[in-house]
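Here's the structure, in structure tokens; my notes come after.
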Amino acid sequence: MNLCNSETQKKKKKMTFIKTTEQSSKYEHLEKMSVTELLTNINNEDKTVPLAVEKALPQIENLVTQIVAKMKLGGRLFYIGAGTSGRLGVVDASECPPTFGVPFDLVVGIIAGGDKAIRKAVENAEDNATQAWIDLQEFNINENDVVVGIAASGTTPYVIGGLEACNKNNIITGSISCNAASPLSQTAQFPIEVIVGPEFVTGSSRMKAGTAQKLVLNMISTATMIQLGKVKGNKMVDMQLSNNKLVDRGTKMIMGEIPVSYEEAAQLLKEHGSVRKAIDFYNSK
């Protein structure tokens, strides 16, 4: 009986699903607008995105809580997506090691079509419903991991198929989409829906939808890393010292925590390799 009710509910949701991201722009004759008018109107639309994200904060919290719990058990976070959504996932994953000093394989971004799709669209890659699971298996995906599917429309077969396979293999799934009650949201165990409405250029979901996804990804990775102890106070104490700017920043962080000169702080940083280790060493004396 419950199964029948569940199937009925799914059918109702599919019938009521509307792609607001694909609806016609509320602006007409864009080609007749001046540069000032174009920029002003794009900016006005962009201003609505943080408010849409705010409405999704409870959903974001639910997913972050699951990610933190799994990572504390040794799990990893995977993002899967196609096109703009996939690229945004790759960007967020790629920035975690230098920012928080974590291993490169702790947060992984996978894009339909492989790494070459980061720069150039790969034809029909997003339409393959079985490839995402194949891609995830290359990383020995397991029950300690969390997989987040990203798709503005919430209808991308690559992403939906990947989450369906994860669900069958007892892997926690989340999603980020910009349409209400999409097939992706119905598939994910912890869906996030940021309803941004029609784009300035009809259907160009790299705009408001892309901005919304980036904001949510920032929240997910940053909140998770803070919960895992990768930030002290408000400082990136485990960041990788990959250039002179970051070495200078790290040196000044040390000076702000312990009573040493710039030269002494720089030497401590050089000897210990991170702000955290330098401060811990000084305080242990």
Side-chain angles (χ1 to χ4, degrees), residues 12-60 79-92 94-95 109 111-113 116-129 148-160 175-188 191-220:
K12 286 182 178 179
K13 286 183 178 180
K14 286 180 180 178
M15 289 173 63
T16 58
F17 172 58
I18 299 172
K19 282 189 182 182
T20 54
T21 54
E22 302 293 327
Q23 289 181 340
S24 182
S25 170
K26 61 185 179 182
Y27 301 86
E28 297 289 349
H29 307 298
L30 304 188
E31 74 280 5
K32 296 181 180 179
M33 291 183 184
S34 67
V35 172
T36 298
E37 289 172 326
L38 288 168
L39 299 181
T40 299
N41 289 329
I42 291 171
N43 181 240
N44 285 336
E45 288 299 302
D46 287 345
K47 289 175 184 177
T48 68
V49 177
L51 298 177
V53 173
E54 182 179 16
K55 293 177 182 178
L57 287 178
Q59 296 177 326
I60 300 170
Y79 298 131
I80 59 172
T84 297
S85 298
R87 294 182 189 101
L88 289 169
V90 170
V91 167
D92 194 73
S94 300
E95 290 177 346
I111 183 171
K116 61 184 178 181
I118 295 173
R119 292 183 178 274
K120 185 178 180 181
V122 176
E123 189 174 355
N124 297 324
E126 70 174 55
D127 298 325
N128 190 327
V148 178
I150 313 170
S153 67
T155 60
T156 307
Y158 176 87
V159 179
I160 294 171
S175 64
I176 306 170
S177 60
C178 296
N179 286 319
S182 71
L184 179 59
S185 292
Q186 295 178 50
T187 302
I192 296 168
E193 295 180 333
V194 185
I195 312 305
V196 296
E199 297 287 0
F200 179 72
V201 176
T202 299
S204 182
S205 56
R206 70 183 184 87
M207 300 185 77
K208 287 193 300 182
T211 299
Q213 291 171 330
K214 182 66 170 74
L215 291 176
V216 173
L217 288 166
N218 285 348
M219 289 179 168
I220 290 172

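If you read the sequence from its start, that first residue is 1, and numbering goes on from there.
Of all the heavy atoms in Thr156 and Ala82, the pair that sits closest is CG2-CB, 4.1 Å. Annotation for Leu38 and Leu30: closest pair CD2-O, 3.7 Å, computed over non-hydrogen atoms. Here the closest non-hydrogen pair linking Val90 and Ile118 is CG1-CD1, 3.8 Å. Closest heavy-atom contact between Ser85 and Ile150: CB-O, 3.3 Å. Taking both residues in full, the closest heavy atoms of Ala117 and Val122 are given as CB-CG2, 3.6 Å, listed atom of the first, atom of the second, then distance. Annotation for Ser177 and Leu184: closest pair CB-CD2, 4.3 Å, computed over non-hydrogen atoms.
Counting heavy atoms from C-beta outward, Met207 and Thr211 have side chains that stay 4.5 Å or more apart.
We find the CD1-OG1 distance between Ile160 and Thr155 to be 6.0 Å, quoted to the nearest 0.5 Å. Considering CG of Asp46 and OG1 of Thr48, their distance stands at 7.5 Å, rounded to 0.5 Å. Atom-to-atom distance recorded for Glu123:CD and Glu126:CD is 11.0 Å, nearest 0.5 angstrom. Atom OH in Tyr79 sits 5.0 Å away from atom CG in Leu217 (nearest 0.5 Å).
In this structure a side-chain-to-backbone donor-acceptor pair under 3.5 Å is missing from Asn128 to Tyr158.
Salt bridge annotation for Lys26-Glu45: present, with a cationic side-chain nitrogen under 4.0 angstrom from a carboxylate oxygen.
More than 12 heavy atoms of other shown residues, nucleotides or ligands fall within 6.0 angstrom of atom CD in Gln23.
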Residues 193-206 side chain polar contacts: donor-acceptor under 3.5 Å, at least two apart:
from	atom 1	to	atom 2	distance (Å)
Glu193	OE2	Ala181	N	2.8
Glu193	OE2	Ser185	OG	2.7
Glu199	OE1	Lys208	N	2.8
Glu199	OE2	Lys208	N	3.3
Glu199	OE2	Ala209	N	2.9
Thr202	OG1	Ser25	N	2.8

Trace of the side-chain contact (heavy atoms from CB on, under 4.5 Å) decision for Ile220 with Ile192
CA-CA 11 Å; Ile220 290 172; Ile192 296 168; 4.2 Å; yes
Should Val53 and Ile60 be marked as a side-chain contact (heavy atoms from CB on, under 4.5 Å) after you check the CA-CA gap, both sets of side-chain angles, and the distance that decides it?
CA-CA 9 Å; Val53 173; Ile60 300 170; 4.2 Å; yes
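Side-chain contact, Ser153 with Glu22: no donor N or O sits under 3.5 Å from an acceptor N or O.
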